[in-house]
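Naming: A, B, ... by sequence-line order, numbering from 1 per chain.
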2 protein chains.
Amino acid sequence: MSAPTKRNTRQRRAIIDFLKTRKEFISAKELYSEMEDSKVGLSTIYRALSDLVNDGDLDVFIDNDGESRFRLCGSHHHHHLLCRKCGKSVEFQAPEAEALAERLGASEGFSEMEHRLEIIGTCRECV
Amino acid sequence: MSAPTKRNTRQRRAIIDFLKTRKEFISAKELYSEMEDSKVGLSTIYRALSDLVNDGDLDVFIDNDGESRFRLCGSHHHHHLLCRKCGKSVEFQAPEAEALAERLGASEGFSEMEHRLEIIGTCRECV
DNA sequence: TTGATAACGGGAATCATTGTCAATAAGCCG
DNA sequence: CGGCTTATTGACAATGATTCCCGTTATCAA
């Protein structure tokens, strides 16, 4: 799955290793600062992330601030339930949502579906 | 649904009127150039779009270039299926999603649920 | 009509991302 | 083990969408 044409550099290894330890989505900048000990340049991080996305090894989505966030594929897909007042968030799996996405997309002739489901509510403490 | 605190200015009317004639999603810049004759400043367009989104009158999504694209909402709550390559979008209703959000939220002690579901895929033409 | 102030607009500022290019280091061959 | 070729790196500049700033203008309640 990884492209065979890329060289196996210290920087690229460091980035992949870091991503393996990381469950949640992370932005390029965050990766840069959390990896500062590894001495990897920001440009290199952007390039590596872009390559990994093209190779299908990373999931991406663009958040509400227009910033891309990345995560290694293959961790379990989940969604967020979050409180509109305190921001507390709970992760959950929703197999129904996976199926729904697949079915609805296919019915319109779409393929390779991804989806995002976000539920916003008021939590017990904030009512 | 529109906020009552906003003034009814020529510019805001022009933007809303333009959007009413427009079925597809449009970016702020495109709106700006297509509305040249109306002499509305770019800052004003960004502000108006942002207000309309906050009031729930506009749908937005961020395309693959990180650019926001806007369109007047229909009256019913709905979700979007969109093509990751050409940006074509299809609206759909998903009563299952409403029920899912309600049930999952309640099971964690949340109330007054809202939700957003977005399905991204590759459309027939872009495969 | 008038006064308070929300909205405007043009340009500067911001910030994520991409481009540039000289220096560096993988991977290969002998 | 060296030396060679060339992909990769990284510091910095450039880009481009969006937001900020602030003096001016327009709305609207009184």
Side-chain angles (χ1 to χ4, degrees), chain A residues 2-19 22 24-55 57-71 116, chain B residues 1-19 22 24-55 57-71 82 84-87 89:
Chain A
S2 299
T5 57
K6 300 292 173 194
R7 286 185 177 168
N8 180 24
T9 65
R10 174 184 67 76
Q11 291 87 339
R12 203 162 291 240
R13 276 193 308 274
I15 290 167
I16 292 172
D17 287 347
F18 183 90
L19 286 169
R22 182 78 198 191
E24 294 305 310
F25 279 88
I26 189 171
S27 72
K29 292 292 192 71
E30 285 166 5
L31 197 53
Y32 179 61
S33 50
E34 295 201 24
M35 288 185 65
E36 52 180 8
D37 295 344
S38 301
K39 306 286 181 218
V40 179
L42 188 54
S43 304
T44 299
I45 288 183
Y46 273 105
R47 269 188 299 251
L49 290 174
S50 167
D51 290 344
L52 288 166
V53 169
N54 286 334
D55 293 347
D57 296 330
L58 278 191
D59 285 328
V60 205
F61 78 90
I62 301 178
D63 71 14
N64 288 332
D65 298 330
E67 195 176 33
S68 296
R69 304 186 69 79
F70 305 85
R71 187 187 59 181
R116 283 209 296 154
Chain B
M1 181 159 291
S2 300
T5 56
K6 299 294 173 193
R7 285 184 178 171
N8 179 25
T9 65
R10 175 183 69 76
Q11 291 87 341
R12 203 159 289 238
R13 277 192 308 272
I15 290 168
I16 292 171
D17 287 346
F18 183 92
L19 286 170
R22 181 80 197 191
E24 294 305 308
F25 280 88
I26 189 172
S27 73
K29 292 290 192 78
E30 285 166 6
L31 197 54
Y32 180 62
S33 49
E34 295 201 24
M35 287 185 65
E36 267 188 330
D37 297 343
S38 302
K39 308 283 183 224
V40 179
L42 188 54
S43 304
T44 300
I45 287 182
Y46 274 105
R47 268 189 301 250
L49 290 174
S50 166
D51 289 344
L52 288 166
V53 168
N54 286 334
D55 293 348
D57 296 330
L58 280 190
D59 285 328
V60 205
F61 79 93
I62 301 177
D63 70 16
N64 287 334
D65 299 331
E67 194 175 34
S68 297
R69 304 186 68 79
F70 305 85
R71 189 183 58 178
L82 52 94
R84 62 164 63 78
K85 292 186 180 162
C86 67
S89 86

Just wondering, do A:Leu52 and A:Phe70 contact through their side chains at under 4.5 Å, heavy atoms? no
Atom CZ of B:Arg7 and atom C1' of D:dT27: how far apart are they, to the nearest Å? 5 Å
Verify the contact: side-chain N or O of B:Arg47 to OP1 or OP2 of D:dC20, cut-off strictly under 4.0 Å; return yes or no. no
Is the distance from OP1 or OP2 of C:dA7 to the nearest side-chain N or O of B:Gln11 less than 4.0 Å? no
OP1 or OP2 of D:dT19 versus the side-chain N and O atoms of B:Tyr46: is any pair under 4.0 Å? no
Ignoring backbone atoms, test whether A:Arg13 places a side-chain nitrogen or oxygen under 4.0 Å from the OP1 or OP2 oxygen of D:dT8. no
Round to a whole Å and report the spacing from CG of A:Asn54 to P of C:dT18. 11 Å
Under-3.5 Å donor-acceptor pair between A:Ser27 side chain and C:dA16 base: no
Within residues 29-37 of chain B, residues whose heavy atoms come under 4.0 Å of DNA chain C: none
Could you tell me how far apart B:Arg10 (CZ) and D:dT27 (P) are, to the nearest whole angstrom? 9 Å
Between atom CD1 in B:Ile45 and atom C1' in D:dA17, what is the gap in whole Å? 14 Å
Please compare B:Asp51 and A:Ser50 by the position of their nearest nucleotide in DNA chain C and report the one closer to 5'. B:Asp51
Can you identify which nucleotide, out of D:dT19, D:dT9, C:dA26, has its nearest atom closest to the A:Thr44 side chain? D:dT9
Donor-acceptor contact below 3.5 Å, side chain B:Arg10 vs main chain B:Ser38: yes
With A:Asn54, which residues qualify under side-chain hydrogen bond (donor to acceptor under 3.5 Å, both in side chains), at least two apart? none
Rounded interatomic separation in angstrom, taking CG from B:Asn8 and C1' from D:dA29: 15 Å
Check the distance between C:dT18's C1' and A:Leu49's CG and give it to me in whole angstrom. 13 Å
If you define the side chain from C-beta out and look only at heavy atoms, does anything of B:Ser89 sit under 4.5 Å from B:Arg69? no
Heavy-atom donor-acceptor pair, A:Arg13 side chain to A:Asn8 backbone, under 3.5 Å: yes
Under 4.0 Å between a side-chain N/O of A:Ser68 and OP1 or OP2 of C:dT17, yes or no? yes
Give the angle between the helix axes at the two ends of the helix from C:dT1-D:dA30 to C:dG30-D:dC1, taking five base pairs at each end and rounding to 10°. 40°
Does any part of the side chain of B:Leu19, heavy atoms only, come nearer than 4.5 Å to the side chain of B:Asp57, both counted from C-beta? no
So with a 6.0 Å cut-off around CD of A:Glu24, is the heavy-atom count from everything else above 12? yes
Would a 4.5 Å heavy-atom cut-off, applied to side chains only, mark B:Thr44 and B:Arg47 as touching? yes
Grab the CG-P distance between B:Leu42 and D:dA17 for me, whole Å please. 10 Å
So, A:Lys6 and A:Asp55, do they make that salt bridge, N to O below 4.0 Å? no
Hey, are B:Lys29 and B:Glu67 close enough for a salt bridge, meaning a charged N less than 4.0 Å from a carboxylate O? no
Report yes if at least one side-chain N or O of A:Thr9 is closer than 4.0 Å to OP1 or OP2 of D:dT9; otherwise report no. yes
Nearest-angstrom distance from the residue atom CD1 of A:Ile15 to C1' of D:dT9: 11 Å
